[in-house]
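Data first, discussion second: the structure below is written as structure tokens.
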Amino acid sequence: MLLSKLLGERFKEKPQEAKSISHIFLLRGGYIRQVSNGIFSMLLPAQKIKTKIEKILREEMDSIQGQEVIFPVVLPGELWQESGRFEAVGSELLRIKDRTNKDLLLAMTHEEAAVHLARSEAKSYTQYPFMIYQIQTKFRDEARSRGGLIRVREFTMKDAYSFHTTEEDLDKYYNKCLEAYNNIYKRAGIPEVICVESDSGMMGGKVAHEFMLLTDIGEDTIVVCDKCEYKSNMEVATGKLEAIKKDEEPIKKVHTPNINTISDIAKYFGVPEEHTLKAAVYNVEGESKPLVIFIRGDLQVNIAKAQKIVKAVLSPFEDYENSDLKFGFIGPYKLDLEKINVLYDKSLEGETNLICGANDTDYHYSGFSIIRDSVAKDFVDISEVKEGQSCPNCEGKLKFKRGIEVGNIFKLGKKYTESMNMTYIDQDGKAKVPIMGCYGIGVGRMIASIIEANNDQYGPIWPISVAPWQIHICALKSKNININDVGKEIYEKLNKKFEVIFDDRGLAPGIQFADADLLGIPVRIILGEKNLKNNQVEIITRDKKIKKLVDLNDVYKEVELIVKMLEDSL
RNA sequence: CGGGGUGUGGCUCAGUUUGGCUAGAGCGCCUGGUUUGGGUCCAGGAGGCCGCAGGUUCGAGUCCUGUCACCCCGACCA
């Protein structure tokens, strides 16, 4: 490729709208252009990177017996009605109508399409297990896209769906896939991606993991133990909770005028916040009674956990005027359970001598002991982990980090196969419902993540496995010799074996170097008058780790060595 | 969906507070020269429905109303 012909202007100003490093360099380097909110076009360099990532994805999926297929982007609404998601999913699902007013949708994920295909093709147990995957456009009408390619509405995703006859078989395959994912990130130059436990969300299923690139601009909070291997998304993270030792005291009603926040109560009674109990009230979708969650005063309710327990969407309860609940003064002692549902967080288990609301405006109780003074029997984990809390598995302390989710894997179980009536005939001649797993990786988000992990102040430093070109030839301008001719000769020779981009523009060296940095090509060959007089050229790697003068006759050999070395390092 | 912000040439922005000549700068682009290992310098040139619609006014980029788009923070995120 001749750089003089490459479309995609590179510029030095920081684009106003871009905040993250990857977004800035993707725009400045002429990789992507925004078309609309969360919708981008990709120019040649980005497209080439994308293709290379896809090649890695294909090889790794094929290596775990995946069969590549392709599903439609536009699906009939009725297919999603089978699984119940046509109604269940909110406005992120873009629903459209065709000319006959029939419901269509732009697929945001393809479980339904996968089951639709698999249920008519895999009717015998002898065909199991199998995995089908595709690399396809997805559309999610995100409430808020951001960060360039990090969170967009239209994107390319590798999604895979495996089908099994037993849980054990799914478990086995799940682990194989987890390994393939680690290979993918390693090969793409982001070996630092870690695998964490995660929430399966409304996808359903019990076990799920996310692959996270730890970086400050990440959207998710990751909880990691400073001693052991415990790693988890905040949504599902747990910490060790032990009852705080306090002497039991008799329960006592105390006048607390206008004191209704935990920090005020703690101050008023002169105790730390963990000696209080608080109530959080939610509306439960499809349920008329509000849900009251009791939790220790120093902790927050983790709504994702709570939603999983009640298996419904929660929203904050606000209608105190038409209820018996006294905002700011709700407590578990002598609470009327007729018109509400109640959950007790694990943090309250065994607690004694707490301050809690008295269900009477401007009054609290002190000396409340959960066993002695309430009907609470079951305690469930609904609390948000706090930084510094003890690890659930060891004596370590939990630390928070930020991460970008670059992939996820789910054990879906029978959620889709059952609702969509997929069966196979087992050895015993009986129809059975297969068990499913699904596995996704966003390609664009991977591009952004690779930049986030590999860059310097001048631009991206592409790992050679995904770099748009392997070699960048800079022919500097000269009055005395026609360097472009020399460059062309080297270009044509190298181009037979490598992917080469040749800067034949003859501009000021600063411009050529700056552009080369923005394109981030791993190996750069610089042709300048001074060195050429001695029959030499300079070879430098984008990360500046190798920088040497090479005899003109040895260029091919030398490049071959460096490329091999870079490839081997991944 | 809530809060904040921005729309002026391809990019970054000034001008809007206090309405007033033909709307500016730098970068980029085109032409000529100059320079030649980290965005050289000089001269000339092209390019703007001032987001859109309506209104006030002798006069609107500037004031008013509406509307659209985009960005940031949050909620949400299969």
Side-chain angles (χ1 to χ4, degrees), chain A residues 7-20 23-24 27-28 30 33-39 80 83-86 88-93 105 107-112 138-148 150-153 155 157 159 161 198-205 208 210 219-220 233 235 303-304 307 313-316 405 408-410 412 415-416 438-440 442 445 457-459 474-481 483 503 505-518 524-533 536-538 540 544 547 549:
Chain A
L7 219 54
E9 193 192 1
R10 289 158 301 280
F11 48 88
K12 57 180 162 185
E13 286 96 354
K14 175 181 164 298
Q16 179 201 24
E17 71 266 25
K19 299 284 179 272
S20 67
H23 193 190
I24 291 169
L27 288 170
R28 282 190 52 205
R33 294 292 179 247
Q34 183 164 347
V35 178
S36 178
N37 177 332
I39 299 179
W80 277 53
S83 70
R85 287 208 292 188
F86 193 74
V89 175
S91 48
E92 291 130 83
L93 177 63
L105 57 91
M108 56 196 298
T109 173
H110 281 87
E111 284 74 18
E112 286 81 358
K138 300 265 185 289
F139 190 91
R140 293 181 186 175
D141 197 358
E142 292 281 353
R144 186 174 163 223
S145 47
R146 73 189 94 178
I150 289 176
R151 188 174 166 84
V152 292
R153 296 198 292 169
F155 59 100
M157 185 173 186
D159 46 324
Y161 307 89
S198 76
D199 186 24
S200 59
M202 302 304 273
M203 278 287 271
E210 288 170 341
E219 302 185 292
D220 293 84
N233 193 310
E235 291 168 341
I303 295 193
Q307 291 186 152
V313 175
L314 299 181
S315 58
E405 182 188 338
N408 53 34
I409 54 180
F410 296 87
L412 292 177
K415 172 168 167 138
Y416 298 92
C438 80
Y439 319 88
R445 193 178 276 190
Q457 59 173 304
Y458 304 108
C474 267
L476 302 180
K477 208 179 192 178
S478 156
K479 220 182 342 198
N480 304 312
I481 3 174
I483 295 187
D503 189 349
R505 298 172 300 170
L507 298 173
I511 299 176
Q512 293 193 311
F513 292 147
D515 280 354
D517 287 339
L518 282 170
R524 187 181 309 172
I525 303 172
I526 303 170
L527 311 177
E529 184 178 326
K530 243 184 320 184
N531 291 327
L532 276 178
K533 273 184 181 156
Q536 285 186 313
V537 301
E538 184 182 334
I540 180 171
K544 313 279 190 320
K547 184 174 177 168
L549 287 175

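The sequence lines fix the lettering, A, B, ..., with proteins before strands; numbering per chain opens at 1.
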(message) Please check: side-chain N/O of A:Arg140 versus main-chain N/O of A:Leu93, any donor-acceptor pairing under 3.5 Å?
(response)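 Answer holds: no.
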
(message) Rounding to an integer number of Å, can you tell me how far A:Asp141 CG sits from B:A78 C1'?
(response) 14 Å

(request) Take the protein atom CD1 of A:Ile409 and the nucleotide atom C1' of B:A78, then report the distance between them rounded to whole Å. (result)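 So the CD1-C1' distance, A:Ile409 to B:A78, works out to 15 Å.
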
(request) Examine the side chains of A:Glu210 and A:Asn408 and answer whether a donor and an acceptor come within less than 3.5 Å of each other. (result)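 On atom types as modelled, these side chains do not qualify, holding no pair under 3.5 Å.
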
(message) Under 4.0 Å between a side-chain nitrogen and a carboxylate oxygen: does that hold for A:Glu111 and A:Arg85?
(response) yes

(message) For A:Arg28, is there an ion pair with A:Glu13 - N to carboxylate O distance below 4.0 angstrom?
(response)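 Here A:Glu13 does not pair with A:Arg28 in a salt bridge, since their nearest N and O are not under 4.0 Å apart.
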
(request) Just jot down the ring pair (Phe, Tyr, Trp, His ring centres under 6.0 Å) partners of A:His110, sequence neighbours excluded, or say none. (result) A:Phe71

(request) Scan nucleotides 69-74 of chain B nucleotide by nucleotide, 5' to 3', and note B when protein non-hydrogen atoms come under 4.0 Å of the base, S if they reach only the sugar-phosphate, - if neither. (result) -SSSBB

(request) Let me have a per-nucleotide readout for nucleotides 36-47 of chain B, 5' to 3', with B, S or -, counting only protein heavy atoms under 4.0 Å. (result) BBBBS-------

Dump the pairs, protein N or O against N or O of nucleotides 7-9 of chain B, anything under 3.5 Å, distances to one decimal.
none

(request) Could you tell me which nucleotide pairs with B:U67 by Watson-Crick or G-U wobble geometry, both distances under 3.5 Å, or answer none if nothing does? (result) B:G51

(message) Suppose we screen for side chain to side chain donor-acceptor pair (under 3.5 Å). Which residues come up paired with A:Asp159, at least two apart in sequence or across chains?
(response) A:Gln134, A:Lys138, A:Tyr161

(request) Using side chain to side chain donor-acceptor pair (under 3.5 Å) as the criterion, list what pairs up with A:Glu142, not counting sequence neighbours. (result)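 Testing A:Glu142 for side chain to side chain donor-acceptor pair (under 3.5 Å), a comparison that skips the adjacent residues, returns A:Arg151.
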
(request) Mind checking A:Gly90 for me? I need base, sugar-phosphate or nothing, with any heavy atom below 4.0 Å counting as a touch. (result) base

(request) Using side chain to side chain donor-acceptor pair (under 3.5 Å) as the criterion, point out the one residue from A:Arg524, A:Arg10, A:Gln457 that pairs with A:Asp517. (result)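 The side chain to side chain donor-acceptor pair (under 3.5 Å) with A:Asp517 is passed solely by A:Arg524 among A:Arg524, A:Arg10, A:Gln457.
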
